[in-house]
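Taking it in order: structure first as structure tokens, then the write-up.
Worth saying up front: this structure is predicted, and the values here are computed from it rather than measured. Each ligand, and each atom within it, is numbered from 1 in the order the structure gives. These values consider heavy atoms only, across backbone and side chains, with no hydrogens, waters or symmetry-generated copies.
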Amino acid sequence: MVKGLEGIIAAETQISLVDGTKGHLVYRGQWAKDLAVRHTFEESAYLLWHGALPTPLQLAEFKNELARGRRLTPELRSLLEAIPPHTPLMNTLQAAVTALAGNAPAWPPALEQAVQLTALLPTLIAYRRHQLSGTPLSEGADTEEDHAAYYLHLLSGHPASEAQVRALNAYMVLAMEHGLNASTFAARVVASTESDLYSAVGAAIGAMKGPLHGGAPSGVIRLLDSIGTADRAEPVLRAMLERGERLMGFGHRVYKTRDPRAEALREVCAGLAGGDPWLDLARDTEETAIRLLAEYKPGRALYTNVEFYAAAVMRAAAMPTELFTPTFTAARIVGWTTHVLEQAQHNRIYRPQSLYTGNMPASDA
Ligand code: ACO
């Protein structure tokens, strides 16, 4: 039995390579870190779905398709109004996404469905946020804007700065896909039953919500807020490790070296910083944490993961903390749907076995 399925190869894929030893992340033959700084969310999503970057004409058509998918239907608005306000946003997204299954053919999943969901998620998140805070959803946001810009515009009601858009774009590209992580695996398992793409994405959202997966970046903010100033990093982190607590934003099942996404985001942050004290605190905390993790967990190779600098990028983009995991979701949906489409091409239902360690009946069978 392999706890947590560590090291088990459960699917063949042409979508991405995650090399934890070398610290490499490749999307369909391209370095993810290069895509994050040189290409938009749209171009990178197109690459994952189609296997090649778009030509200018293909990109224009694709952006039109995304723009068309951004509007909420009256039915979806009614559904969002009916969900109790205290329902966590991730569960609200799950409900909205699975409700879209409607009469759509369940199998095989279609690329248009993937594009529709990806286009809609930022609108869903922003709509719900404005609904709960009683503020109007910005009607000024232009559905023709680039994905990251449109999302920020919808949230704040005014166009974001170029630096904020660049930061969020880089994060969303780097968070878009990451091999057979827990949420992607959940999506592939559901798809393998020949269920519909909406149900597969709903399952993935449920997995993403957990603090060991997509819930980590808000934990990073809490960690840094509790540290406050660089001189307190060592005592606060040491006390946490003494209590056996985990440091959010550190450690990864696959990466046993620095997470390339964290490296790339750190560079994006450096370009943004302009002397932001919070960012300086993040850098100091990172150094101290890696040193203390080596002391308390020798031989475990614990480094910063993507969520550590994701928190910094989100702050730079003025993203409210409670939207960190939903924003991760709005990016990772591209990876989930690409995997669901790939699963459908050579499907076999996932059906591992468990090892029974309970009692046996007293009498023979
Ligand atoms: N802080 C302190 N100790 C840690 C941490 C951490 N962040 N991560 C792992 N460890 C320790 C564990 O306590 C364990 O020690 P032990 O063997 O003495 O008991 C050892 O390292 C191995 O840990 P596992 O739980 O077996 O590692 P696993 O591969 O199962 O977990 C995970 C990976 C969940 C990411 C883990 O490192 C963690 O909890 N990190 C903090 C949460 C986090 O940042 N999550 C975001 C991950 S990135 C993403 O999902 C996009």
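- At a heavy-atom cutoff of 4.0 Å, ligand 1 is contacted by the side chain of Leu293 but not by its backbone.
- Note on ligand 1: Gly249 sits in its first shell, one or more heavy atoms being nearer than 4.0 Å.
- Looking at ligand 1, you won't find any N or O of Glu307 less than 3.5 Å from one of its N or O atoms.
- Contacts between Phe328 and ligand 1, counted as non-hydrogen atom pairs separated by less than 4.0 Å, involve the side chain only.
- Salt-bridge formation is not detected for the pair Glu145/Arg70: no Lys NZ or Arg NE/NH1/NH2 atom is positioned less than 4.0 Å from an Asp or Glu carboxylate oxygen.
- Heavy atoms of Leu212 found under 4.0 angstrom from ligand 1 belong to the backbone as well as the side chain.
- Ligand 1 has a nitrogen or oxygen under 3.5 angstrom from a nitrogen or oxygen of Phe250.
- Nearest-heavy-atom check against atom 24 (P) of ligand 1 across Arg246, Arg253, Arg300 picks out Arg246.
- Contacts between Val220 and ligand 1, counted as non-hydrogen atom pairs separated by less than 4.0 Å, are absent for every part of the residue.
- The aromatic rings of His178 and Tyr255 are tilted relative to each other, their planes meeting at an angle between 30° and 60°.
- For Ile349, the CD1 atom is densely surrounded, since the number of other residues' heavy atoms within 6.0 Å is greater than 12.
- Ion pair Arg129/Glu322 flagged as a salt bridge, since at least one NZ, NE, NH1 or NH2 atom sits closer than 4.0 Å to an Asp/Glu carboxylate oxygen.
- Salt-bridge annotation for Arg266 and Glu286: present, with a side-chain N of the basic residue lying under 4.0 Å from a carboxylate O of the acidic one.
- A salt bridge links Arg283 to Asp280: one of the charged nitrogens lies within less than 4.0 Å of a carboxylate oxygen.
- Checking only distances, Arg261 never comes within under 3.5 Å of ligand 1, N or O to N or O.
- By the 30° and 60° cut-offs, the orientation of the rings of His24 relative to Trp31 is perpendicular.
- Of the polar atoms of Gly214, none of the N or O atoms is found under 3.5 Å from an N or O of ligand 1, judged by distance alone.
- Remark: of the listed residues Asn347, Leu341, Val340, Asn347 is the sole one forming a side-chain contact (heavy atoms from CB on, under 4.5 Å) with Gln343.
- Atoms of ligand 1 found under 4.0 Å from any heavy atom of His213, numbered from 1 in the order shown, are 46 (C), 49 (C), 50 (O).
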